[in-house]
Undergrad: 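Please read through the structure below; I'll follow up with questions.
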Amino acid sequence: MNTNSNYITKNSEKVNSSVIYKVSFEVRNFLYKLNTEDREKAISFLEETLLQEELFNKLADEKEKIKMIQFCLSYSKQYSFVEKVGSSPAVVHKELTEDGSYEFTFIKLDDFHKSKTQDKLFYKEYSKKGSNTNSILFSKWWIDCLNRKITPKFSSTEFNPSGKLNPDKFNYWQGFVEAKKGDVKPFIDHIDKLIDGTLEEKLYIIKLIGYTVKYPDVNVGTAIVLKGKQGSGKTTISETIRKMCPKHSKYVENLDQLLMGFNGEYIHTKYFLHEESVFSNDHKLNEKIKPMITGTKRQIRIKHLTPITIDNFSFHIFTSNRDNPIKVEENDRRFNVFNTTDTLIKNREYFKNYYKWLDNGGANALVYFFKNKLKLDDFDFSETISNKAKDSVKVENLDPVKMFLYNIMTGDFPIAIDPNGEKLFTYEQWQKKPIDVPKRSFYYTFLLFNKELGRNIQHLNNAKFFRIIWDIFQLPEEGIKNWVKNGYRFVRLPSLDEAKVLLAKSIGSSVSNIFDQTKADNQENNISLYDYIMANEVISDDEQEDFDPFAPQEEQEKNNFFKPINSNEIEKEKKIAECENNRYINIVSKIKPYLDHDKLKPYLEDNIEPS
């Protein structure tokens with residue numbers, strides 16, 4: 001085996017031979033056995049720090065020196081020292097998991113040193129009496145080391161996908177998979193087959209996901225909710241996102257822990273993938289999830305450390321088999337809800353082919369497509385889609401009064417029952433004209449309805465109930481006390497059609513979305529989603545400029561230099577060049593007769609260039 005320094009130098013592009021000659025044969029042999037990347041790092045450590053380090057030169061023998069180099073390599077890959085995590089210094093351990101994502105663990109300094117008691121170095125101290133062998137924990141030397149290649153040191157942490165990096169802060173953002181041109185039809189076709197909605201709704205999903213890829217440092221403030229039967233292909237959307245951004249996508253297994261418990265594992269997460277979500281009836285969770293979607297900051301709670309506040313760039317996808325998975329409030333601006341079809345259920349061959357595409361360049365192609373090809377400049381990510389799927393969830397979450405009104409308008413519950421059990425009006429009577437309903441009977445019917453549902457409505461007394469009724473139907477104020485007939489007070493309900501319009505308006509919906517149960521024709525113009533996007537929503541090659549917000553400035557300039565220009569621009573450049581050339585020739589011809597000196601002759605040729 002050839003272990004001389006020349007051999008090592010030849011096998012490492014950046015090896016400094018002067019360093020090689022300063023180390024022993026044993027150390028050189030160790031360096032030779034390392035892979036190229038580690039060898040270059042080790043030699044860099046030796047050159048910049050270790051050869052000048054007192055401890056390194058006092059180590060007991062060459063084995064200890066090799067051990068120190070090994071520790072330097074190992075620690076520099078796994079750990080970073082942060083002066084302030086919350087309010088305390090800590091070591092951050094970064095570990096790549098099997099699914100391609102990172103796990104970050106925060107370790108207090110005392111705990112870090114305790115976990116590294118086996119990593120000792122033995123060195124010799126010399127005195128007049130002789131020499132003594134002592135030991136030191138490498139972890140303590142590593143914390144104090146000033147070489148940031150050996151000990152990556154930062155003042156604090158951040159989650160910053162903008163590309164504007166601060167070298168003094170530990171940034172959790174690692175980016176997407178490499179963007180490469182390729183086929184994106186399988187993904188677009190999957191959306192087309194999966195979503196039971198209009199072309200506009202399907203395009204919205206693609207553009208919303210695309211926007212989060214092109215502009216990862218923007219919090220869109222909205223989320224996607226997919227509801228449908230098991231096996232329909234909902235999770236395939238989540239998995240596609242995870243494949244595009246494996247280091248910052250995470251399936252949420254415990255929503256309580258994310259929102260209220262220790263959630264340090266989510267500190268680097270952009271894409272929160274919620275599977276089989278059902279929390280519509282949990283008021284506390286519903287209130288906590290709101291700022292996670294729309295807030296500018298989010299809090300990270302780490303055991304034994306002060307909570308950390310980081311910028312919030314999160315994007316959430318919820319999937320569920322339930323009709324009412326989440327609480328969608330009236331006039332909601334957070335959730336985009338979509339029903340899924342049964343088309344792909346049990347189609348194993350389809351999903352086999354889809355994931356084969358996804359795992360073999362599909363994810364890379366989507367990142368390229370979203371960053372460079374899909375038109376997003378005019379896309380309003382803050383505007384949620386209003387559709388039947390969303391409004392059906394709204395109806396499931398109506399307050400007691402509006403839920404009661406909805407059910408009497410659909411004929412699922414009597415309009416009014418007197419205390420003797422007699423129904424006072426038929427559904428057909430209400431369809432024809434406004435009806436005057438005795439207040440006592442109307443409120444009594446409301447109580448019966450909520451009793452059947454098992455709802456506690458003690459807070460809604462008679463006065464509060466009718467205040468809400470008056471506001472929904474925009475009734476005249478004097479009617480509250482003055483509408484009396486045959487000795488009883490009554491409420492005049494508008495005709496059924498008008499009442500439906502007013503109720504729909506009060507919850508930010510439309511009559512067709514919440515009352516019309518007919519299935520819409522979602523095949524607009526009989527054109528596929530893919531064909532529509534390729535024809536109308538893709539940036540042409542002439543106007544395309546590869547978009548990479550994280551590329552260095554010189555790389556951006558290089559991309560601009562090689563940007564294709566059309567024929568008109570070429571002709572324009574030619575004319576400008578021709579005019580400039582003629583101008584300089586004219587100047588030379590005018591000054592030439594006055595400049596005969598031999599020293600000036602070389603500058604008076606016809607092909608003179610402007611200085």
Undergrad: Could you walk me through whether Glu383 and Arg333 pass salt bridge (charged side-chain N to carboxylate O under 4.0 Å, His left out), step by step?
TA: CA-CA 7 Å; Glu383 191 67 33; Arg333 299 295 295 268; 3.3 Å; yes
Undergrad: Using side-chain heavy atoms (C-beta onward) and a distance below 4.5 Å, is Thr319 in contact with Thr340?
TA: no
Undergrad: Which residues satisfy the side-chain hydrogen bond (donor to acceptor under 3.5 Å, both in side chains) test with Asn219, sequence neighbours excluded?
TA: none
Undergrad: With a sphere of 6.0 Å drawn around CG of Asn353, does it hold more than 12 non-hydrogen atoms of other residues, nucleotides or ligands?
TA: yes
Undergrad: What heavy-atom pair brings Met68 and Leu50 nearest, and what distance separates the two atoms?
TA: CE-CD2, 3.9 Å
Undergrad: Under 4.0 Å between a Lys/Arg side-chain N and an Asp/Glu carboxylate O for Arg28 and Glu62?
TA: no
Undergrad: Kindly check if the number of other-residue, nucleotide or ligand heavy atoms within 6.0 Å of CD (Glu54) is above 12?
TA: no
Undergrad: Tell me whether Ser320 contacts the main-chain N or O of Glu276 through its side chain, where contact means a donor paired with an acceptor under 3.5 Å.
TA: no
Undergrad: What I want to check is whether the side chains of Asn321 and Lys234 have a donor and an acceptor closer together than 3.5 Å.
TA: yes
Undergrad: Under the ring-ring contact (aromatic ring centres under 6.0 Å, His included) rule, collect the residues that match up with Tyr79, sequence neighbours excluded.
TA: Tyr75, His93, Phe112
Undergrad: So which of Tyr271, Phe176, Trp173 actually passes ring-ring contact (aromatic ring centres under 6.0 Å, His included) with His248?
TA: Trp173
Undergrad: Ignoring hydrogens and angles, state whether a donor on the side chain of Ser249 or Lys243 is under 3.5 Å from an acceptor on the partner side chain.
TA: no
Undergrad: Report the distance from atom CG of Leu358 to atom OG1 of Thr240, rounding to the nearest 0.5 Å.
TA: 5.0 Å
Undergrad: Charged N to carboxylate O below 4.0 Å: is that the case for Lys373 and Glu537?
TA: no
Undergrad: Quick one: is the NZ or CZ of Lys120 closer than 6.0 Å to the six-membered ring centre of Phe138, and within 45° of its axis?
TA: no
Undergrad: What heavy-atom pair brings Leu31 and Ala42 nearest, and what distance separates the two atoms?
TA: CD2-CB, 3.7 Å
Undergrad: Could you go step by step and tell me if Val91 and Val82 meet the side-chain contact (heavy atoms from CB on, under 4.5 Å) rule?
TA: CA-CA 6 Å; Val91 173; Val82 182; over 6 Å; no
Undergrad: Nearest 0.5 Å please: distance from the CZ atom of Phe369 over to the CE atom of Met244.
TA: 11.0 Å
Undergrad: Strictly distance-based, threshold 3.5 Å: is any side-chain N or O of Arg39 a donor or acceptor partner for the main-chain N or O of Tyr32?
TA: yes
Undergrad: Just say parallel, tilted or perpendicular for the rings of His190 and Tyr354, cut-offs at 30° and 60°.
TA: tilted
Undergrad: Show the nearest heavy-atom pair for residues Pro291 and Asn312, with the distance to one decimal.
TA: O-ND2, 3.5 Å
Undergrad: Do the side chains of Leu109 and Ile143 get nearer than 4.5 Å, heavy atoms only?
TA: yes
Undergrad: Evaluate the salt bridge (charged side-chain N to carboxylate O under 4.0 Å, His left out) criterion for residues Lys270 and Asp217: first the C-alpha distance (whole Å), next the side-chain angles of each, then the deciding distance (0.1 Å), finally the verdict.
TA: CA-CA 10 Å; Lys270 175 172 178 63; Asp217 59 326; over 6 Å; no
Undergrad: Would you find a donor on one side and an acceptor on the other, under 3.5 Å apart, between the side chain of Asn397 and the backbone of Glu329?
TA: no
Undergrad: Just to verify, what does Lys41 make a side-chain hydrogen bond (donor to acceptor under 3.5 Å, both in side chains) with, not counting sequence neighbours?
TA: none
Undergrad: Could you point out which residue of Tyr204, Phe370, Tyr215 forms a ring-ring contact (aromatic ring centres under 6.0 Å, His included) with Phe379?
TA: Tyr204
Undergrad: With no hydrogens and no angle check, do the side chains of Ser44 and Glu48 hold a donor and an acceptor under 3.5 Å apart?
TA: yes
Undergrad: Could you tell me whether Glu26 and Lys63 make a salt bridge, using a distance below 4.0 angstrom between a side-chain N and a carboxylate O?
TA: no
Undergrad: For residues Thr306 and Ser87, report the shortest heavy-atom separation together with the two atoms involved.
TA: OG1-OG, 2.7 Å
Undergrad: Would a 4.5 Å heavy-atom cut-off, applied to side chains only, mark Tyr251 and Thr269 as touching?
TA: no
Undergrad: Return the CD1 to CZ distance between Ile345 and Phe351, rounded to the nearest 0.5 Å.
TA: 8.5 Å
Undergrad: I'd like to check Leu73 versus Phe45 (side-chain heavy atoms, cut-off strictly below 4.5 Å). Are they in contact?
TA: yes
Undergrad: Who are the ring-ring contact (aromatic ring centres under 6.0 Å, His included) partners of Phe315, not counting sequence neighbours?
TA: none
Undergrad: Looking only at heavy atoms, what is the nearest atom pair of Phe313 and Asn160, with distance?
TA: CE1-CA, 4.5 Å
Undergrad: With sequence neighbours excluded, tell me which residues meet ring-ring contact (aromatic ring centres under 6.0 Å, His included) with Phe272.
TA: Tyr266, His316
Undergrad: How long is the gap from NZ on Lys164 to CG on Asn171, to the nearest 0.5 Å?
TA: 13.5 Å
Undergrad: Does Lys58, at its NZ atom, have more than 12 non-hydrogen atoms belonging to other residues, nucleotides or ligands within less than 6.0 Å?
TA: yes
Undergrad: Once you round to the nearest 0.5 Å, how far does CD1 of Ile66 lie from CG of Asp61?
TA: 9.0 Å
Undergrad: Can you name the ring-ring contact (aromatic ring centres under 6.0 Å, His included) partners of Tyr123, sequence neighbours left out?
TA: none
Undergrad: Any chance you could lay out the side-chain contact (heavy atoms from CB on, under 4.5 Å) test for Val538 and Lys375, step after step, and finish with the verdict?
TA: CA-CA 6 Å; Val538 168; Lys375 291 181 179 178; 5.9 Å; no
Undergrad: Please walk me through it: do Lys153 and Glu83 pass salt bridge (charged side-chain N to carboxylate O under 4.0 Å, His left out)?
TA: CA-CA 8 Å; Lys153 285 188 178 180; Glu83 294 173 1; over 6 Å; no
Undergrad: Out of Phe170, Phe106, Tyr172, Phe104, which residue meets the ring-ring contact (aromatic ring centres under 6.0 Å, His included) rule with His268?
TA: Phe104
Undergrad: Are Arg148 and Phe81 in a cation-pi contact, defined as NZ or CZ under 6.0 Å from the six-membered ring centre and within 45° of the axis?
TA: no
Undergrad: Does Lys67 NZ have over 12 foreign heavy atoms under 6.0 Å away?
TA: yes
Undergrad: CD of Gln118: more than 12 outside heavy atoms within 6.0 angstrom?
TA: yes
Undergrad: Quick one: do Lys284 and Glu287 make a salt bridge, cutoff under 4.0 Å?
TA: no
Undergrad: Mind checking the CD1-CD1 spacing from Ile224 to Ile205? Nearest 0.5 Å is all I need.
TA: 5.5 Å
Undergrad: For the backbone of Cys72 and the side chain of Ser76, can you confirm whether one donor and one acceptor N or O come within less than 3.5 Å of each other?
TA: yes
Undergrad: Is the shortest side-chain heavy-atom distance between Ile289 and Leu255 below 4.5 Å?
TA: yes
Undergrad: Does the side chain of Gln78 pick up a donor-acceptor pair with the side chain of Ser74 at under 3.5 Å?
TA: yes
Undergrad: If you measure from the Lys or Arg side-chain nitrogens to the Asp or Glu carboxylate oxygens, is any gap between Lys250 and Glu103 under 4.0 Å?
TA: yes
Undergrad: Could you report the tightest heavy-atom contact between Gly86 and Ile308, atom names first, then the distance?
TA: N-CG1, 3.7 Å
Undergrad: Check Asp380 with Lys207, please: is the shortest side-chain N to carboxylate O separation under 4.0 Å?
TA: no
